[in-house]
Every structure is written in structure tokens, then in C-alpha cells.
Number of protein chains: 2
Amino acid sequence: MHSYLQKIRDFITNLDVDSSKIFNNMSPIQHFAKGDFLLKQDDVCRKSYWIIRGIARKYYLHDGKDITTELYFEDDLAVSFESYTLQKPSKEYIQALTDISVAVTDYTLFQKMKQQFPKLTELDLMLTEYYAIWLEERLFEFHTLSASERYLNLLEKQPQIVQFVPLTHIASYLGISLETLSRIRAKI
Amino acid sequence: MHSYLQKIRDFITNLDVDSSKIFNNMSPIQHFAKGDFLLKQDDVCRKSYWIIRGIARKYYLHDGKDITTELYFEDDLAVSFESYTLQKPSKEYIQALTDISVAVTDYTLFQKMKQQFPKLTELDLMLTEYYAIWLEERLFEFHTLSASERYLNLLEKQPQIVQFVPLTHIASYLGISLETLSRIRAKI
DNA sequence: AGTAAAATTTGACCTAAGTCAAAGAAGTTA
DNA sequence: TAACTTCTTTGACTTAGGTCAAATTTTACT
């Protein structure tokens, strides 16, 4: 889940004292090694992970292929959205691509805290809104851009992905075969 | 925005008296004739439209082609999400495909009401969550299904679309050319 | 009913991107 | 530094789905 960072920071900064205190104590830091799974398919996603350092990805398996649905960098919120929201088994895996540090928020605890501190519900709404807008953008790209346009667009918007993530994952993230992506890169 | 209807109905049914009263008085009914625009590109989407009767669609223009992004039936919530949420000019049009009746909720009024009745923020969150889940599903379909699989999937999940909406719109909604869609249908 | 307009189908051809297979590069580990 | 493993590139070939153009069919309007 990608954040419109500044607006979210502002919102958090402006929380009342109580909400703010709660918010800061709710999410202990945890570390994962490269390759570790934060979530596996069929498990219920009971935590959200705010990436503090390192890279992770979310993906699912379809006909033996693995398809990357999201790439996480610093300040992104890693979560299998449907599983987390409906507390049902996840279709997706979340895996650390490097050693990572994350702030972990428990679903149930957050639900309770939202009841006590309504400002947190507003924060939740805000995060969800930005995620939906990001999804709309992804759909727009699939509808209107060719394979190489999608790659160029990614290169422009999130050069860090191209710099640090293996091409296989970038290819499936863009809905392109690895070979085609390689050829696209060769031409630039 | 498609609703997981029952959960939303339940939620509204269980609102406290004050929230419920507000909710019911907030959205006057309005009528549009076939072909009318509920929203045009570049206008800010200041209203959300709960479809009471009839059919509408949301679309944008790209390189002269029109691409349908959503089809609305009874109980769907028609809104250009990014424009509504950020109150910025819309990339999309919303148009009545038949004569329609809608319950119209004003953005600014709803924002105010949410401050007074926090339950409404929870409702807003719930609607946004379901919209995000629906968007994830759409992305999944584009990633994993072929053109004819997408059509068959639509036929199964939302037969009313195929029954009542012109094929041109269905084609662009599925990311298929009109001709290819016609051939897919011929083969079934 | 008769005509225009819109929607859908069909045909011929084209092309972006996929698949399969093999060769090179680049990292990792002993 | 050799030997794996993983990642990326290149080549040869295939194919799903696009485009353009011309029928049909259906719908809407006088």
C-alpha cells in the first residue's frame, strides 16, 4: 500500500495527544531476513507492516507462475488488503527481498483502538483511499499503456524499483514476460 | 463503486438513531434522462450517486477511444473516486445509460456529517474498503485471464451487464476490442 | 411502415508480445 | 578461483488479439 506520504505524516502529526500516544505505542519494531515470509498464502493477514528499512514484495501463484502485485520500500505499508480487511485467508505471499525492519500493527488491536480513538478510523480511511487511488492508476496503466510504455512509466515514477528489484519480479508486476522486458530494456 | 450489499445494509440498519436520521435526510432523490451526464471530465466530482433505478457508466477518453471503467446498476454507488476523494478535476465522465433515479450525497455535507457522527466515517471506510477489494479483483483478472476468460467471468458474475449494456462498453470495460469480443461471443 | 442511425458481425491481414530453448553474466559460497 | 546458483539476454518461432473495412442486423424516429 503506497502512501501519499506527506499528507499522512501531517495527519499523524496533528493527532490529539491521546490518539498520538496510542499510535506510537501500538507498533513494535520487528526484523526479517532476506527471503523470510511476512505472510503466506492461506494464512489470515493479522498484521500490517510499515516498512522502515529494506525492500519487500507481495505476490501470488497462478498456474505455477508467480505474479508480483506490489513492491514495498521505506514508508510503504505492506499488507494483503483483502485478507487483512475481511480477516480471511490470503491469496498472496509477502516476502522480504532484503533484510528488513518493519513496524508491526496487529489487526485486532487496531480495530479496538479505532473504537476508542475515532481519529484512527479517519487515518485508516485515508490510507485506504490512497490505496484505492493507487489501484485505479494501475488499472489505468493496464488499460492504456503498451508493455514498453508501462516500463518507461515505472522507470520514471519509481526508479528505485528498477534499480533494486530483480527483473523477473518487475516483469510480472508489469504484466510482461521476462524476455519481453529484457528486449524492451535493450532498445532504450 | 460496487457494494457488498448486505454488510452495508446491516451496518446502516445498526446505526444509532441520530446517525441514522442524518443519513436518511442527507441524500435527496434526483432523476436523469438517458444520455445525461452526472459528471464530466475536468469537473470536480462533488456528489456521489447511489443508483436507485436504471443503469449508468463511468468512462474516460484516451487517444480518442472511450474506455468504460465501471458499470452501475441498482444499489451501486457511482462516483469518480479520485476526483471525489481529493476534490480535484475528474479524468472520468459518468453518464446515464438509461433513465435513472439516484440518491445524491454532497461531498462537503458528508464530510461535515462525518465529523458529527463518527459512525458515518466507519461507513465511508467500509465502502472504500469494498471498492479497493473490487479494484484488486479487476487487476487480478487483467493479470491472469485471457480475453475470453474475462468475458466468461463477467457473464458468470454479472450477467445483467451482458444483458443490458451495449457491447462496445463491455469490450472496453474488459480491455478487449469490439471485434474480438464479438468473435468470442460467436464461439460460445 | 420506411428510413436513418446505431450496434454487431464477419473477413482479411498485421503485430505486439508470448513461448521455448540455449547461451552468457553476475552473485554466492565452499 | 572454482563451482553453483540465480539472473539476464538473445534467437527462432508462434499466437492472441488488434486494425481496417465492409456487410448485416437491430433500434429509434418520423
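Proteins get letters first, then strands, A, B, ... in listed order; numbering begins at 1 in each.
- In this model, the phosphate group of D:dG17 is not approached by any side-chain N or O of B:Thr180 to a distance below 4.0 Å at OP1 or OP2.
- The side chain of A:Thr168 lies closest to D:dT8 when the candidates are D:dT8, C:dT8, D:dT10.
- Salt-bridge formation is not detected for the pair A:Lys58/A:Asp76: no Lys NZ or Arg NE/NH1/NH2 atom is positioned less than 4.0 Å from an Asp or Glu carboxylate oxygen.
- Summarising the geometry, the separation between CD1 on B:Ile184 and P on D:dG18 is reported as 8 Å, rounded to the nearest angstrom.
- Between the side chain of B:Ser172 and the main chain of B:Thr68, a donor-acceptor pair closer than 3.5 Å is present.
- Closest to the side chain of B:Ala147, from the set D:dT9, D:dG17, C:dT10, is D:dG17.
- In this structure, B:Phe140 has its ring center under 6.0 Å from that of A:Tyr60.
- Atom pair B:Leu178:CG and D:dG18:C1' shows a separation of 12 Å (rounding to whole Å applied).
- Nucleotide C:dA17 holds its C1' atom 12 Å from the NZ atom of A:Lys65, rounded to whole Å.
- Closest to the side chain of B:Glu179, out of D:dT10, D:dT8, D:dA21, is D:dA21.
- With hydrogens and angles left out, the side chain of A:Arg183 and the base of D:dG11 share a donor-acceptor pair within 3.5 Å.
- When rounded to the nearest whole Å, the span between OH of B:Tyr151 and P of D:dG17 equals 15 Å.
- Between A:Leu145 atom CG and C:dA17 atom C1' the separation is 15 Å, expressed in whole Å.
- Atom P of nucleotide D:dC29 and atom NZ of B:Lys34 are separated by 8 Å, given to the nearest angstrom.
- When ring centroids are compared, B:Tyr59 and B:His169 stay outside the 6.0 Å threshold.
- Listed pair A:Ser177 / C:dG18 meets the phosphate criterion, a side-chain N or O lying under 4.0 Å from OP1 or OP2.
- Atom CZ of A:Phe32 is separated from atom OG1 of A:Thr98 by 12.5 Å, given to the nearest 0.5 angstrom.
- Note on A:Leu181: nothing from the nucleic acid sits closer than 4.0 angstrom, heavy atoms only.
- Regarding B:Phe142, its CZ atom lies at a distance of 17 Å from the C1' atom of C:dA17, rounded to whole Å.
- As rounded to whole Å, 15 Å separates atom C1' of D:dA16 from atom CG of B:Leu152.
- Judged by atom type and distance alone, A:Arg185 does not reach the base of D:dT10 through any side-chain donor-acceptor pair under 3.5 Å.
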